[in-house]
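Some notes on the structure that comes next.
Everything numeric in this text was worked out from a predicted model, so none of it was measured. Worth knowing before you read on, the calculation uses all heavy atoms, side chains too, and leaves out hydrogens, waters and symmetry mates.
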Amino acid sequence: MAAPTNTFKQALIKGERLIGCWSSFAEPVAAEIMGTAGFDWLVIDGEHAPNDIRSLRDQLMALAASPSHPVVRVPVGDTALIKMVLDIGAQTILVPMVNSAEQARELVRACRYPPEGLRGVGAGAARATGYGSVTEYIQTADEQICLLLQVENRAGMAALDDILQVEGVDGVFIGPADLSTDMGFQGNSAAPEVRATIADAITRIKAAGKAPGILGTNDEASQAYLEMGAQFLAVGIDVMLLTQAARALAAQWKAK
């Protein structure tokens with residue numbers, strides 16, 4: 001039995017547009033609820049949400065029956081951490097703060113078994129292999145791993161063309177909040193200079209044959225990124241969805 005087909009990766013290769021959302025509660029029940037909403041993909045956030053390897057695993061389990069594909073964002077591009085995340089069953093990894101082609105190459109190697117990579121061979125008793133039931137996992141896993149890199153500061157933008165030449169990088173995700181802050185706009189990703197930089201990056205990513213992605217936290221930004229050509233677009237964050245709806249509901253009824 002081979003590793004499961006990564007339908008998210010296949011959709012990116014075909015050029016399909018995929019709409020997603022951030023999952024930041026770090027709770028399996030919240031992830032399961034998000035998995036019923038109809039998004040193509042969901043980010044289980046290990047960078048800014050209070051996740052550990054067990055909570056990441058539990059959210060992958062909660063989404064196993066969902067049509068929404070789980071993308072695990074690791075807190076940092078660490079080889080040992082990526083190995084653990086792959087072993088718990090993640091097939092798509094999002095790595096923040098990638099600033100060079102050398103870093104990108106090391107991340108590709110972290111996601112692949114030897115001799116092409118350096119992923120540790122120890123998933124026989126792990127969730128990724130169905131606890132040993134996926135007998136051809138080692139032979140077939142590499143081609144089903146989808147590696148997405150975040151480019152989100154001026155250094156990363158300067159190195160973008162080199163990063164895009166790295167074989168094994170499937171997509172590049174622009175981080176608008178970090179990018180705008182690094183550019184001196186303190187999180188204002190709507191600043192014209194920031195928007196121009198994002199649009200240029202998306203164009204370059206597409207021209208290199210990679211999939212461009214980004215997060216919009218309001219309708220105006222999401223529409224703008226869509227028009228720029230974003231292929232995998234996140235259109236919200238679950239925590240923000242709850243807070244906005246709850247505050248609006250409270251204000252509505254307290255005003256009566």
Side-chain angles (χ1 to χ4, degrees), residues 3 5-16 18 20 41 43 46-47 69-87 90-121 128 138-176 178-179 182 197-215 225 228-234:
T5 298
N6 187 330
T7 55
F8 178 85
K9 181 175 182 176
Q10 293 304 311
L12 291 184
I13 292 171
K14 293 175 184 176
E16 297 177 14
L18 301 172
W41 57 288
V43 170
E47 183 185 16
H69 181 80
V71 175
V72 176
R73 178 162 73 168
V74 294
V76 65
D78 177 77
T79 299
L81 180 57
I82 288 173
K83 172 177 61 178
M84 295 177 71
V85 170
L86 294 176
D87 282 355
Q91 286 190 301
T92 302
I93 303 286
L94 178 61
V95 183
M97 291 294 178
V98 178
N99 298 328
S100 71
E102 180 182 2
Q103 186 182 1
R105 282 189 289 269
E106 285 303 304
L107 292 168
V108 171
R109 285 171 53 79
C111 291
R112 294 182 174 180
Y113 283 119
E116 289 81 13
L118 43 79
R119 179 182 174 187
V121 184
I138 292 175
Q139 295 85 348
T140 58
D142 288 0
E143 61 189 277
Q144 302 303 333
I145 301 302
C146 181
L147 177 61
L148 309 173
L149 306 182
Q150 286 190 236
V151 173
E152 45 191 339
N153 56 32
R154 289 171 294 172
M157 286 296 173
L160 179 59
D161 291 336
D162 292 334
I163 292 169
L164 291 169
Q165 297 304 310
V166 176
E167 182 181 353
V169 173
D170 297 291
V172 173
F173 187 92
I174 306 302
D178 282 284
L179 176 62
D182 191 57
T197 299
I198 292 171
D200 176 65
I202 289 175
T203 298
R204 289 154 65 190
I205 295 164
K206 293 182 71 173
K210 310 290 188 184
I214 196 166
L215 166 65
Y225 298 147
M228 291 176 191
Q231 185 181 349
F232 61 106
L233 171 67

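- Side-chain atoms of W41 do not come within 3.5 Å of backbone N or O of V71 as any donor-acceptor pair.
- Remark: D78 engages V76, A80, L81 in a side chain to side chain contact (heavy atoms under 4.5 Å, CB included) (not counting sequence neighbours).
- Qualifying side chain to side chain donor-acceptor pair (under 3.5 Å) partners for Q91, counting only residues two or more places apart in sequence or in other chains: none.
- Contacts of Q10 classified as side chain to side chain contact (heavy atoms under 4.5 Å, CB included), with partners at least two apart in sequence or in another chain: T5, I13.
- Shown here for Y225 and L233, the closest heavy-atom pair between the two residues is CB-CD1, 4.0 Å.
- Screening residues 93-103 for salt bridge (Lys or Arg N to Asp or Glu O under 4.0 Å), with sequence neighbours left out, gives no hits.
- In terms of the side chain to side chain contact (heavy atoms under 4.5 Å, CB included) criterion, residue partners of P70 (sequence neighbours excluded) are, by chain and number, I44, L60, L63.
- Looking only at distances, no side-chain donor or acceptor of T79 sits under 3.5 Å from a matching main-chain atom of A110.
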Listing, residues 92-99 side-chain donor-acceptor contacts under 3.5 Å, not counting sequence neighbours, or none:
{"residue": "T92", "atom": "OG1", "partner": "N6", "partner atom": "ND2", "Å": "3.1"}
{"residue": "T92", "atom": "OG1", "partner": "H69", "partner atom": "NE2", "Å": "2.6"}
{"residue": "N99", "atom": "OD1", "partner": "N153", "partner atom": "ND2", "Å": "3.2"}

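- Expressed to the nearest 0.5 Å, how far CG of D170 lies from SG of C111 amounts to 9.0 Å.
- Of the possible polar contacts, one joining the K9 side chain to the I145 backbone as a donor-acceptor pair under 3.5 Å is found.
- Here E116 pairs with nothing under the salt bridge (Lys or Arg N to Asp or Glu O under 4.0 Å) rule; sequence neighbours left out.
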Could you go through C146 and L12, starting from their C-alpha distance and side-chain angles, then the distance that decides it, and tell me whether this counts as side-chain contact (heavy atoms from CB on, under 4.5 Å)?
CA-CA 10 Å; C146 181; L12 291 184; 4.1 Å; yes
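- With sequence neighbours left out, D200 forms a side chain to side chain donor-acceptor pair (under 3.5 Å) with R204.
- Interatomic distance, CG of L147 versus CZ of R112, reported as 9.0 Å (0.5 Å rounding).
- When every heavy atom of A201 is checked against every heavy atom of I174, the shortest pair comes out as CB-CD1, 3.9 Å.
- With sequence neighbours excluded, the residues satisfying side chain to side chain contact (heavy atoms under 4.5 Å, CB included) with K210 are L164, V169, I205, A208.
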Trace of the side-chain contact (heavy atoms from CB on, under 4.5 Å) decision for Q150 with D178
CA-CA 10 Å; Q150 286 190 236; D178 282 284; 5.7 Å; no
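- Residues meeting the side chain to side chain donor-acceptor pair (under 3.5 Å) test with Q231, sequence neighbours left out: none.
- To the nearest 0.5 Å, atom CG of residue L179 and atom CD1 of residue I214 are 8.5 Å apart.
- A search for salt bridge (Lys or Arg N to Asp or Glu O under 4.0 Å) contacts involving R119 returns D87, not counting sequence neighbours.
- Heavy-atom minimum distance, P114 versus V121: CD-CG2, 4.3 Å.
- Summarising the geometry, atom CD belonging to E16 is positioned 11.0 Å from atom CZ belonging to F8; distances are rounded to the nearest 0.5 Å.
- Here the CZ atom belonging to F232 is positioned 4.5 Å from the CG atom belonging to L148, to the nearest 0.5 angstrom.
- Considering all non-hydrogen atoms of both residues, I198 and P176 come closest at CD1-CB, 4.1 Å.
- Sorted by first and then second residue, the salt bridge (Lys or Arg N to Asp or Glu O under 4.0 Å) pairs with a member in residues 140-158 read R154-D182; sequence neighbours excluded.
- For the atom pair OG1 of T7 and CD of Q144, the computed distance is 9.5 Å after rounding to the nearest 0.5 Å.
- Nearest heavy-atom pair across K206 and P212 is CG-CG, 3.3 Å.
- When all heavy atoms are compared, the tightest approach of I202 to A230 is CG2-N, 4.0 Å.
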